[in-house]
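The sequence lines fix the lettering, A, B, ..., with proteins before strands; numbering per chain opens at 1. Reckoned from all heavy atoms, side chains included, excluding hydrogens, waters and symmetry mates. Quick caveat: nothing in here was measured; it's all calculated off a predicted structure.
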Amino acid sequence: MLSSEPVQQRTGTSPRTEYLWSGAKVLMVAGPGGVGKTSMAAALGLAAAISDETKVLVLTVDPARRLADALGIDLPGQQVTRITDEVAAAAGVELRGELWAGMLDVRAGWDELIGRHAPTPEIAERILAHPLYANLTRRFVHSHDYLAMERLHEVTASGEYDLVILDTPPSRNALDLLDAPQRMQEFFGSRLIRWLTVPARSRVANLVSQPFQAVADRLLGAGFLSDITEFFGLFQTLEEGFVRHAVEVEAQMAAPETRFVVVATAEVAPVHEARYLIDELARRKLHLGGVLANRMTSSHAPGEVVGGPKSRWEAGRIEGSEDVAALAERLVASLGTTGDPPEVDVMRSMLAQLHSRAAEIAELSAQQERLIAELEVGVPSVLRCPILDRDVQDLSDLASLAGYLIGETATAGSSDGPISPSES
Amino acid sequence: MSAASASEGDLSTSGLHLFDRELIFVTGKGGVGKTTVAAGLARVAARSGRRTLICEMDAKGDLGPAVIDPAGDGVSGAGSERIALGFTPTEVAPNLWAMAMNTEDSLREYLRLFLRIPLVGRIGSLASTFDFVASAAPGVKEILAVGKLCHEVRQGNYDLVIVDAEASGHIVAQIGAPIVIRELVALGPIRDQTAWMSEILTDPRRTAVIAVTTPEEMAVIETVELAQRLRSQAGVDLSMVVANRVLPALFDRRRLDLLDRIGPLIPIDSEWGRIVASASSADRRRRVGAGHLDDLRSRLVESSFGDVETLNLPEIRFDLAGPTVVCAVSSALAGELDVEF
């Protein structure tokens with residue numbers, strides 16, 4: 001049972017698949033919350049920069065602090081930074097290309113956007129200073145989504161990068177992101193905005209507005225209504241810029257060089273959500289670049305070497321698949337030569353415990369594979385990344401993940417791959 | 001295994017059992033198991049004889065399968081398609097009612113009850129009107145949602161209202177909605193309604209906010225941020241942390257030492273090598289996770305939240321869903337909360 005490990009079978013010496021990023025200009029990393037999207041986006045960027053002479057930018061939202069430190073992207077505002085060859089070398093990786101990284105700052109992003117699309121600097125200033133502005137951008141549902149799409153448009157339009165990888169914002173539904181440009185257009189075209197921005201006199205006469213007025217006046221009071229009217233009047237002046245961008249962003253999403261990478265973990269809810277996302281992408285005729293199954297359990301994940309460096313166990317090897325009793329005796333005898341040996345009974349019960357735990361892990365692994373099979377229908381390949389025994393928090397951890405993505409990981413039982421496991 | 005007791009934290013809630021509150025919000029980062037924990041708490045509360053209402057806030061449809069268990073065998077709801085809950089509470093088990101929040105229905109009810117507007121026009125026109133109001137006015141959607149919950153508390157039809165709340169980002173806006181409305185709206189009936197809502201929401205003896213987290217760095221960071229934002233923007237303190245998916249310790253200290261000692265003696269590419277490797281690796285993961293939870297506890301203390309009561313829930317098989325998991329979580333919660341189940 002223990003020798004048939006699904007993960008291990010897929011980590012042979014030959015590459016598992018064509019690279020996810022081959023031929024892509026944009027990778028949209030999407031998936032349910034809590035599956036490790038940010039780490040995967042960063043690992044994909046690293047993998048691309050390791051494997052090709054290409055200039056890659058990874059844009060992440062809200063990365064874990066230590067990951068941000070590792071990438072050096074804990075920068076104010078919207079700056080991007082390069083992960084230098086020296087930094088990469090210190091983490092044991094050699095970059096053929098260039099790796100850049102940046103973080104999405106929602107507040108700074110909105111301010112910038114208002115500045116860019118406002119017809120005059122005065123209007124921009126009035127919007128930024130309006131009491132409703134902070135409230136609206138903070139609470140405006142999906143404001144992260146829209147901003148992410150805007151930022152993506154900006155960096156791809158600059159033509160500075162060969163590949164841009166976007167770690168999508170945490171949304172309840174990953175599709176919110178795709179709908180963001182459309183929603184922005186609808187927002188500007190809505191009756192609300194039209195109605196709010198016509199002069200007050202004709203508004204009273206406007207029959208369409210009656211139910212709104214009845215409710216709004218009684219609910220909110222007239223003062224608030226005029227505040228809102230003023231604000232949306234200002235906001236309306238941004239329409240042209242916003243709508244033009246939204247149309248361009250939509251076209252970019254549908255381009256064949258824009259690929260979606262769906263990340264999931266082998267649990268019921270994330271798998272269902274990922275499956276829904278995959279189907280929805282197909283329905284919208286968007287391009288699926290690949291599916292990543294993250295944090296897969298295997299009875300023994302390559303790269304996770306017990307006890308650290310190989311040399312520790314090379315002396316005094318004990319072979320094979322002995323039974324518990326025989327192994328216990330030999331281990332006790334062996335430990336006796338170097339120090340205080342434990343009792344054979346204790347050793348035996350511990351080994352039995354280990355063995356049953358291993359059987360559980362193998363069963364777990366098989367169950368995960370059954371769940372992941374749901375994602376494989378109609379999908380060319382699902383890449384597996386094993387669960388690491390530590391948090392992904394530095395460049396060498398990312399390099400471990402990148403190694404799996406490149407398909408050059410060490411074969412089972414050997415730690416001679418490009419990955420050097422770090423002790424935690 | 002309660003790591004701490006509430007008594008040291010907030011003196012005004014000392015000795016108060018979670019279920020002595022009237023309103024419990026269950027929130028947390030996406031994917032940590034909010035719905036399961038909320039449904040588990042609701043089942044435990046209902047079984048203990050409390051008339052309990054559970055409300056799903058995010059319209060995702062996950063709560064239905066988690067609480068509806070027609071055959072009572074803990075399995076039947078699991079494989080079934082999304083069971084839709086409505087705005088009108090449905091009795092899903094003895095003492096347990098479930099509903100899904102719908103701000104439009106809430107508006108309708110509000111207009112009928114408080115403003116004596118029977119039904120503005122036809123349904124279609126109300127819907128589009130509502131869209132107007134809600135997208136124009138920040139805080140309105142939130143106040144309608146949280147207002148409905150407070151209304152249920154005030155009506156006293158239930159002993160306990162449990163909220164399967166939205167993710168951490170949104171909950172602050174909801175609980176803080178009365179404050180936002182007071183800041184933005186100078187006059188009007190909605191403003192007048194905020195006072196009694198605030199009274200319920202900011203009284204730690206009546207309302208509890210539970211953050212569900214997992215032993216992971218991001219979940220822990222988000223929990224601390226949530227606690228800080230709840231305090232500064234909504235005037236509410238976190239009542240309890242539920243740490244979900246906590247890995248159990250496989251071995252005691254002595255056996256772990258032994259594991260370390262035999263590691264070097266067994267070749268890694270043998271069957272036993274793999275067995276030892278995966279056990280060591282699992283234990284490292286457990287320790288990393290436990291470290292994050294320790295970190296959470298000390299950061300909450302540093303931010304002067306006191307020793308927030310923490311419940312630990314074990315990792316439950318990930319291939320399970322619906323009532324089966326809720327059952328397992330329920331009995332774990334009942335044990336932690338010292339309630340018969």
Grab the two heavy atoms, one from [X] and one from [Y], that are nearest each other, plus how far apart they are.
X: A:Ser334; Y: B:Leu265; value: OG-CD2, 3.7 Å
X: A:Ile387; Y: B:Arg285; value: CG2-NH1, 3.3 Å
X: B:Leu258; Y: A:Pro342; value: CD1-CG, 3.4 Å
X: B:Leu250; Y: A:Gln353; value: O-NE2, 3.1 Å
X: B:Ile275; Y: A:His355; value: CD1-CD2, 3.7 Å

Residue pair A:Leu331, B:Ile266: steps toward the side chain to side chain contact (heavy atoms under 4.5 Å, CB included) verdict = CA-CA 9 Å; A:Leu331 285 173; B:Ile266 302 177; 4.1 Å; yes

Roughly how far, to the nearest 0.5 Å, is CG of A:Leu354 from OG of B:Ser278?
->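 Going from the OG atom of B:Ser278 to the CG atom of A:Leu354 covers 8.0 Å.
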
Could you check which of A:Leu351, A:Thr265, A:Val346 has the highest count of heavy-atom pairs closer than 4.5 Å to chain B?
->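 With the most close heavy-atom pairs to chain B, the winner is A:Leu351.
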
Starting from the C-alpha separation in whole Å, work towards a yes-or-no answer on side chain to side chain contact (heavy atoms under 4.5 Å, CB included) for A:Met350 and B:Ile262.
-> CA-CA 11 Å; A:Met350 191 184 79; B:Ile262 63 171; 3.7 Å; yes

Tell me, with the steps shown, if B:Arg255 and A:Met347 meet side chain to side chain contact (heavy atoms under 4.5 Å, CB included).
-> CA-CA 9 Å; B:Arg255 289 189 175 204; A:Met347 180 65 79; over 6 Å; no

Charged N to carboxylate O below 4.0 Å: is that the case for B:Arg254 and A:Glu343?
->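 Salt bridge: no.
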
